[in-house]
Chemist: 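Next up is a structure, given as C-alpha cells.
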4 protein chains.
Amino acid sequence: MIAPLFDPENARDRLLAGAARLFHRKGYATATVREIGAEVGILSGSLFHHVRSKEDILFQVMDRVITAMLGDLEQALDQADTPHARLRALIQIELAYLHGPAADATAVLFHDWRALSEDRRAVLLAGRDAYFARWHQVLTDARAKGLIHADPMVARQLLHGALAWTSYWFRPGGTLDLAGLTDQTLALIAPPTGISGAPVS
Amino acid sequence: MIAPLFDPENARDRLLAGAARLFHRKGYATATVREIGAEVGILSGSLFHHVRSKEDILFQVMDRVITAMLGDLEQALDQADTPHARLRALIQIELAYLHGPAADATAVLFHDWRALSEDRRAVLLAGRDAYFARWHQVLTDARAKGLIHADPMVARQLLHGALAWTSYWFRPGGTLDLAGLTDQTLALIAPPTGISGAPVS
Amino acid sequence: MIAPLFDPENARDRLLAGAARLFHRKGYATATVREIGAEVGILSGSLFHHVRSKEDILFQVMDRVITAMLGDLEQALDQADTPHARLRALIQIELAYLHGPAADATAVLFHDWRALSEDRRAVLLAGRDAYFARWHQVLTDARAKGLIHADPMVARQLLHGALAWTSYWFRPGGTLDLAGLTDQTLALIAPPTGISGAPVS
Amino acid sequence: MIAPLFDPENARDRLLAGAARLFHRKGYATATVREIGAEVGILSGSLFHHVRSKEDILFQVMDRVITAMLGDLEQALDQADTPHARLRALIQIELAYLHGPAADATAVLFHDWRALSEDRRAVLLAGRDAYFARWHQVLTDARAKGLIHADPMVARQLLHGALAWTSYWFRPGGTLDLAGLTDQTLALIAPPTGISGAPVS
DNA sequence: GATGAATGAGGGTTCATTCAT
DNA sequence: AATGAATGAACCCTCATTCAT
C-alpha cells in the first residue's frame with residue numbers, strides 16, 4: 001500500500017534508509033556518522049560523497065516522508081466517500097507510515113523534528129501545513145456530522161500525538177495488527193454511532 | 001495544586017530546575033554542561049559538586065517527577081467518586097504536570113526517557129509501572145461502565161501519547177486554558193452525552 | 001643487537017615510540033595526550049585513530065618490550081654455555097634494553113608499571129613471569145656453582161632493582177659504556193676471583 | 001631505632017604522614033588533595049591552612065626524610081669500627097628507613113623525586129649530596145680493603161638502586177625480616193671473606 | 001581551624017568534516 | 001566512489017586552589 005521511500009538500487013537511497021533506521025533506533029543527536037556508515041557498509045568519510053552533512057541526511061529523509069505522506073493522504077481521502085471513512089483514512093495513513101515500510105523515516109520525522117535547523121525546518125513547513133490542512137478539513141466535517149465532539153484544531157493535535165506516540169509502544173506482528181489498532185483508535189474517539197456518538201444537538 | 005518539585009532555596013534543586021528547563025528546551029543530548037551552568041549561573045565545573053554526572057541530573061529530575069506524579073495521582077483518584085471523575089483525574093493530573101510548575105521536568109521525563117542509561121531506567125521503572133497500573137484500573141472501570149469503548153491497554157497508550165504530545169503545541173495562557181484542554185480531551189474520548197457518560201455539571 | 005621495537009615506517013609505531021619517549025621523560029601520569037600528539041607531530045584527537053585510549057598506548061608499549069625481552073633473553077641464554085656466562089647474559093640483556101634502542105619503552109615498563117590498570121597488568125603478567133622464571137633458573141644455578149651467595153629469589157629482586165635503577169643515572173656514551181657497566185655489575189655481585197667464580201678471560 | 005618523622009600530636013605532621021602514606025600507595029601524581037584530606041580526616045579545602053600547595057606537602061615530606069636519614073647515617077657510621085661494619089651500616093640504615101616507621105616518606109623520596117619541581121629539588125640537593133658523600137667514603141674504603149670489587153661510584157648507584165627497589169617487593173613480617181634482608185644484600189655484594197672476597201692484588 | 005561552594009584551567013575523548021591517495 | 005589519516009572544536013569531567021561563612 002505504502003510505496004517504499006528509498007530505492008535499494010540507488011546508493012544514496014540506501015544511505016538514507018540506513019540512516020533513518022539508525023535515527024529511529026537511537027535518535028538523531030545520539031547517532032554518529034561512523035555508525036551511519038557502519039549501518040550502510042561504508043566508512044564515515046565516504047558518506048560525504050553522497051550528502052553535504054549529517055543534517056542533510058536528516059533533512060532529506062524528512063522531505064521524502066512529508067511529500068509521500070501528503071500524496072497518499074490525498075489519494076486516500078479522494079477514495080473515501082463518507083465523513084467516517086475519511087476520519088478512518090486519516091488514522092490509517094498515519095499508522096501505515098508509522099509502522100509500514102516507511103516506519104523509520106516517519107518516526108524520525110515526528111520525533112526528531114527539533115533536531116533540524118530552523119532554516120531547514122522552514123523548507124519543510126509548506127508540506128507539513130498542507131498535510132495538516134487536510135486533517136483539519138476532515139475533522140471539521142466529522143464534528144459537523146457529530147462524529148467527534150472536540151474542537152477540530154485540538155482534536156487534530158491530540159489525535160496526531162496519540163498516533164505519533166504509537167511508535168514507542170506498538171509493534172505490528174503481535175496480537176494487535178495495524179487494522180486492529182486503527183479500529184481501537186476509532187473506537188476511542190468516535191465510537192459506533194447509535195451508542196454514544198449520537199449528535200448532541 | 002501541583003507543588004513545585006524543586007526548592008529555590010536549595011542549590012542543588014536550583015540546578016535541577018535549571019537543567020530541566022534547558023533539557024525541555026533543547027533536549028538532553030543537545031544540552032551541554034556549560035549551558036546548564038550558564039542557565040543556573042555557575043561554571044560548568046561547579047555542577048559536579050552537586051551531581052555526579054550529566055546523566056545523574058537527568059535521573060534525578062525524572063525521579064522527582066515520577067514520585068510526585070504518582071503521589072498526586074493517588075490522591076486525586078481517592079477524591080474522585082465516579083468513574084467519569086476518575087477518568088477526568090487521569091487527564092487532569094497529567095496535564096497539570098505537563099503545563100504547570102513541573103512542566104519542564106515532566107516534559108523531560110516523557111520525551112528524554114531513552115537518553116537515560118538502561119541501568120538508571122530500571123531504577124525508575126517501578127514508579128512508572130505503579131503510575132500506569134492506576135491508569136489501567138481507571139480505564140478498565142471506565143470501559144466496564146461504558147464510558148470508553150477501546151481496549152484499556154490500547155486506550156492508555158493512546159491517551160498518554162495524546163497528552164504527552166501536548167507539550168509540543170499547547171501553551172497555557174492562550175484562549176484555551178488547562179481546564180479547557182482537559183474538557184476537550186474528555187470530549188474527544190468520552191463525550192458527555194447519550195447513555196455512555198454521566199453528565200458533567 | 002637489540003632490534004628496534006617500533007617500525008618508523010608505521011604510523012602507529014611512530015606514535016608508540018614517541019609516547020614511550022615522552023613517558024620516559026615525564027612519567028605516564030604527567031604526560032598529556034596533547035603532549036604525545038606534539039611529540040609525534042599530530043593533534044591529540046588524531047591519536048585516537050591508532051589507539052583506543054591513553055592507557056592503551058601504555059599497554060602496547062609495555063607489551064612490546066615484554067615480548068621482545070623474553071625472546072632475546074631466551075636466545076642469549078641458549079648461546080651461553082657456562083653459569084657465569086648465563087649470569088652475564090641476564091645483566092647484559094637487561095642493560096641492553098634499558099640503554100639501547102628500546103630504552104624508553106623499557107624504562108616505561110619498569111617505572112610506570114603501577115600506572116597500568118589492574119586488568120591490563122594481568123594480561124602482561126604471563127610474559128613477565130616467564131622472564132623472571134628464567135632469571136630464577138640462572139641464579140639458582142649460579143648459587144649452586146658458588147658464583148653468588150645470596151638466596152636466588154632475593155638476589156633476583158636486588159639485581160633487577162639495581163639494573164632498573166640505572167635508567168635514572170647511567171647514560172651510555174660517557175667514560176663508562178654498556179660493557180663496562182655490565183662488568184662493574186658482575187664485579188659487584190660475582191667477583192671474578194678466588195674459588196667462587198670462573199675466570200672471565 | 002629510627003625515630004618517627006612525624007609527631008602525631010601535631011596537626012600538620014599528621015597531614016604530612018597521611019599524605020606520605022597515600023603518595024606511597026598511589027604515587028604523587030595520581031593522589032588527589034581530596035584523597036589526602038580523606039586520609040587525614042579533613043576536607044580538601046582545609047589542607048591549605050597547613051600547607052601552601054600540594055607540592056609543598058611533597059617537599060616537606062622529602063625534607064624530613066633527608067635530614068633524618070643523614071643524621072642517622074652519620075651516627076651509625078660513627079659507631080661502626082670496621083670497613084665491613086660501615087658497609088653494613090649503609091645498608092641497614094637505608095633498609096630501616098625504607099621499611100620501618102619512615103617507610104612511606106622514604107619511598108616517596110626515592111620514587112617521586114621527579115615529581116618535585118626543579119626549584120624545590122635544588123633545595124634538597126645539599127642534604128642528598130651529603131648523604132651520598134658518606135656512602136662514597138665507605139665504599140671507597142671497602143674497596144681499598146678488598147671488600148667489594150666495583151668502582152665506588154658505580155657500586156653506590158647499583159646498591160642504592162637495589163635497596164630502593166625493595167620497596168616494591170619486600171614486606172617485613174614475612175619469613176625474611178629486615179636483618180635477614182641486610183644479610184642477603186651483604187652476601188650478594190660482599191660475601192664473607194676467606195671464601196670469595198679475598199683481595200685480588 | 002574547618003567547611004564546602006565556586007573557580008577555571010586543563011584533563012582524556014568524541015565527532016563531523018576534509019582531503020590526498 | 002571509497003578509503004582512512006588528520007583536523008579542530010567541543011564534549012564531559014577532574015582537580016588544585018580560593019574564600020565567604
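Each chain gets a letter, A, B and so on, in the order its sequence line appears, and its residues count up from 1.
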Chemist: Rounded to the nearest Å, what distance is computed from the CG atom of residue A/Leu43 to the P atom of nucleotide F/dG4?
Modeler: 5 Å

Chemist: C/Ile42 CD1 to F/dG4 P: how many Å, rounded?
Modeler: 17 Å

Chemist: Specify the residues of residues 20-40 of chain D, ordered by number, for which at least one heavy atom lies under 4.0 angstrom from an atom of DNA chain F.
Modeler: D/Ala31, D/Thr32, D/Val33

Chemist: If each of C/Arg14 and A/Arg14 is mapped to the nucleotide of DNA chain F with the nearest heavy atom, which maps nearer the 5' terminus, i.e. the 5' end?
Modeler: A/Arg14

Chemist: Give the residues of residues 45-63 of chain C touching DNA chain F, defined as any heavy atom closer than 4.0 Å, sorted by residue number.
Modeler: C/Gly45, C/Ser46, C/His49, C/His50

Chemist: Kindly compute the distance separating OG (D/Ser44) from CZ (D/Arg34), expressed to the nearest 0.5 Å.
Modeler: 5.0 Å

Chemist: Begin from the C-alpha positions of D/Arg120 and D/Met62 and carry the test side-chain contact (heavy atoms from CB on, under 4.5 Å) through to its verdict.
Modeler: CA-CA 10 Å; D/Arg120 287 295 220 324; D/Met62 289 181 168; over 6 Å; no

Chemist: Does any part of the side chain of B/Tyr28, heavy atoms only, come nearer than 4.5 Å to the side chain of B/Lys54, both counted from C-beta?
Modeler: yes

Chemist: In dot-bracket notation, what is the pairing pattern of DNA chain E, taking Watson-Crick (N1-N3 plus N6-O4 or O6-N4) and G-U wobble (N1-O2 and O6-N3) contacts under 3.5 Å, with [ ] crossing and | for other strands?
Modeler: .||||||||||||||||||||

Chemist: Are the side chains of C/Val108 and C/Val65 in touch, meaning some heavy atoms are under 4.5 Å apart?
Modeler: no

Chemist: State which residues pass side chain to side chain donor-acceptor pair (under 3.5 Å) with A/His50; sequence neighbours excluded, sorted by chain then number.
Modeler: none

Chemist: Would you say the side chain of A/Val123 lies within less than 4.5 Å of the side chain of A/Phe59, judging by non-hydrogen atoms?
Modeler: yes

Chemist: For B/Arg12, give me all partners under side chain to side chain donor-acceptor pair (under 3.5 Å), at least two apart in sequence or on another chain.
Modeler: B/Gln60

Chemist: With a 4.5 Å heavy-atom cut-off, do B/Ile57 and B/Phe23 have their side chains touching?
Modeler: yes

Chemist: Under the side-chain contact (heavy atoms from CB on, under 4.5 Å) test against C/Leu22, which residue among C/Thr32, C/Ile36, C/Asp104 passes?
Modeler: C/Ile36

Chemist: Of all residues at least two apart in sequence or in a different chain, which pass the side chain to side chain donor-acceptor pair (under 3.5 Å) check with C/Arg25?
Modeler: C/Glu39

